[in-house]
Protein chains: 2
Amino acid sequence: MKEFENACREADLKVTHQRLELYRELAQAEDHPSAETLYKRLIKKLPTLSLDTVYRTLATLEKHRLITRVQTIESQARYEAKMDKHHHVVCSRCRTITDFTWDHFDEVQVPKAVVGWGKVIRRNAVLEGICKACARQP
Amino acid sequence: MKEFENACREADLKVTHQRLELYRELAQAEDHPSAETLYKRLIKKLPTLSLDTVYRTLATLEKHRLITRVQTIESQARYEAKMDKHHHVVCSRCRTITDFTWDHFDEVQVPKAVVGWGKVIRRNAVLEGICKACARQP
DNA sequence: TAGTAATTAGGAATTATTCTTGTTTAGTAT
DNA sequence: ATACTAAACAAGAATAATTCCTAATTACTA
């Protein structure tokens, strides 16, 4: 959290109660929550919190690269505070997103066609399948 | 297009004028268009087309795996008809999505943690960077 | 401790998508 | 060819997700 505060100051972002709580909540969440989900969780601690603030804060923090917006095919945007290199595997049944690391993928050369395309800055693997919990069910 | 018609029949989908035109348009598009974009393009040929039909048709074709919904962080859903294994590189500046193939990625083993997670059915690489056209500009 | 620019709350507005209803049409059986 | 029927369609209303607007509040600065 101290790191987060410093990062805010460096980015000229005021360290507000709302930002701290939102970041804390997102950082400890494992489920890549949506704005609405975060709002529901935070309203207990911050009864006057507005949904707009959640959206605005998420956008602000994302712009300053303090959090990431997760790529999904869902209609609601989902976020995560985990910023070290990692990838996602999504269960097509329950839609749970699970993190994993993949050093080989991070380092392997991209195809020539991509080198010709331009400069790659980030790479992400998104796997899809059926998680074990779901596989046990009909 | 003949293949598409047969695929429709096999899936018990009626071969309607709207479906044919939409699929034709999507199949020749290179830009992974959204529902709205497709609608604007199709309205010239199909003046009575409704936006809802575009949404409905895209959803139907996706369900039957005749087209794919592309993972993006944008608010509008984007689609493609290309169904052979391929991946995407997105320009963070102009948001253009470019396809590429990557045999090595398709075949390389996924990390052990993922094997423990469940059964992976599809894998997708999403790269992000700056395309050459954008790099030339300030 | 006061000043001020950034941030917030709350509600209105917008955007993207889905639903509802009545009409049309593709595929099928005559 | 013609009629039948379920599927698909058009149009507009409704919903969901997100953003905008304005006045009030608050974090940082002097």
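Labels below follow one simple rule: chain letters A, B, ... track the order of the sequence lines, proteins then strands, and each chain is numbered from 1. Only a predicted model underlies this, so the values are computations on that prediction, with no experimental measurement involved.
Contact check, A:T48 against C:dA9: a side-chain N or O comes under 4.0 Å of OP1 or OP2. Phosphate contact (OP1/OP2 of C:dT18, side-chain N/O of B:Y55, threshold under 4.0 Å): absent. Dashed line: the shortest gap from a side-chain N or O of B:Q18 to OP1 or OP2 of C:dT24 is not under 4.0 Å. At the phosphate of D:dA16, neither OP1 nor OP2 sits under 4.0 Å from any side-chain N or O atom of A:S75.
A residue-by-residue look at B:L13 and B:P47 shows that B:L13 has its nearest nucleotide of DNA chain D further toward the 5' end.
For B:Q28, the CD atom sits in a packed shell: over 12 heavy atoms of surrounding residues, nucleotides or ligands are nearer than 6.0 Å. Heavy atoms from other residues, nucleotides or ligands lying under 6.0 Å from CD of B:E74 number more than 12.
Taking atom CG of A:D12 as the reference point, atom P of D:dT29 lies 9 Å away to the nearest angstrom. Rounding to whole angstrom units, CD of residue A:Q76 and P of D:dA17 are separated by 4 Å. At whole-Å resolution of the value, NZ in B:K14 and P in D:dT5 are 13 Å apart. Residue B:Y39 contributes atom OH, which lies 14 Å from atom C1' of C:dT17 at whole-angstrom precision. Distance CG (B:L20) to C1' (C:dA26): 11 Å, rounded to an integer number of Å.
Nucleic acid contact class of B:A59 (heavy atoms, under 4.0 Å, all strands): none. Nucleic acid contact class of A:R56 (heavy atoms, under 4.0 Å, all strands): base. As judged by a 4.0 angstrom heavy-atom cut-off over every strand, B:A77 is placed among residues touching the sugar-phosphate backbone only.
You won't find any donor-acceptor pair under 3.5 Å spanning the side chain of B:D52 and the base of D:dC9, going by distance alone.
Applying salt bridge (Lys or Arg N to Asp or Glu O under 4.0 Å) to A:E128 and the options B:R122, B:R123, B:R69 leaves one that passes, B:R122.
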Side chain to side chain donor-acceptor pair (under 3.5 Å) assessment of A:H88 paired with A:E80: CA-CA 11 Å; A:H88 292 138; A:E80 66 186 352; 3.1 Å; yes
